[in-house]
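The model shown is predicted, which means the values in this text are computed figures rather than measured ones. Heavy-atom basis, side chains included; hydrogens, waters and symmetry copies ignored.
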Amino acid sequence: MRHPKGRDVRFMMSGGGQNDSDLLFRLTSNLTCLSEEELENLDAKDCTMLLKEVSNFLA
């Protein structure tokens, strides 16, 4: 997973008409180079770990 850049923060701030969970999945996809479908098919434990890590970047 790479560290977020300014463009990632801008993406999260813009929202694009998506809800928070959609944005978090999309940003996680961008940072991990996994597709959103691949994230959805991960075991819940692994997916949660990645989503939490991305959330920590934004805190």
Side-chain angles (χ1 to χ4, degrees):
M1 178 184 309
R2 67 175 174 81
H3 286 272
K5 301 193 183 278
R7 68 177 170 265
D8 300 310
V9 175
R10 180 187 221 175
F11 166 75
M12 286 298 291
M13 293 174 70
S14 71
Q18 297 177 333
N19 65 40
D20 290 344
S21 64
D22 290 339
L23 288 171
L24 186 56
F25 260 81
R26 184 141 182 233
L27 181 59
T28 302
S29 174
N30 289 345
L31 296 177
T32 61
C33 296
L34 294 171
S35 70
E36 290 180 56
E37 183 177 348
E38 289 171 314
L39 285 173
E40 290 173 349
N41 288 316
L42 286 176
D43 288 339
K45 179 181 172 186
D46 296 330
C47 185
T48 301
M49 179 195 63
L50 289 172
L51 295 171
K52 182 178 178 185
E53 196 65 34
V54 170
S55 293
N56 289 338
F57 282 135
L58 303 172

Donor-acceptor list for residues 48-59 side chains, cut-off 3.5 Å, not counting sequence neighbours:
unit_1	atom_1	unit_2	atom_2	d
Thr48	OG1	Ala44	O	2.7
Ser55	OG	Leu51	O	3.0
Asn56	ND2	Lys52	O	3.4

Side chains of residues 22-34: which donor-acceptor pairs under 3.5 Å do they make with residues two or more places apart or in other chains?
unit_1	atom_1	unit_2	atom_2	d
Thr28	OG1	Leu24	O	2.8
Ser29	OG	Leu34	O	2.5
Thr32	OG1	Thr28	O	2.7
Thr32	OG1	Leu34	N	3.3

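Partners of Asp43 under the side-chain contact (heavy atoms from CB on, under 4.5 Å) rule, at least two apart in sequence or in another chain, are Asp46. Lys5 pairs by the side-chain contact (heavy atoms from CB on, under 4.5 Å) definition with Arg2, Arg7, Asp8, not counting sequence neighbours. Every residue meeting the side-chain contact (heavy atoms from CB on, under 4.5 Å) condition with Asn41, not counting sequence neighbours, appears here in chain and number order: Glu37.
Around the CG atom of Asn19, the shell of radius 6.0 Å holds more than 12 heavy atoms that belong to other residues, nucleotides or ligands.
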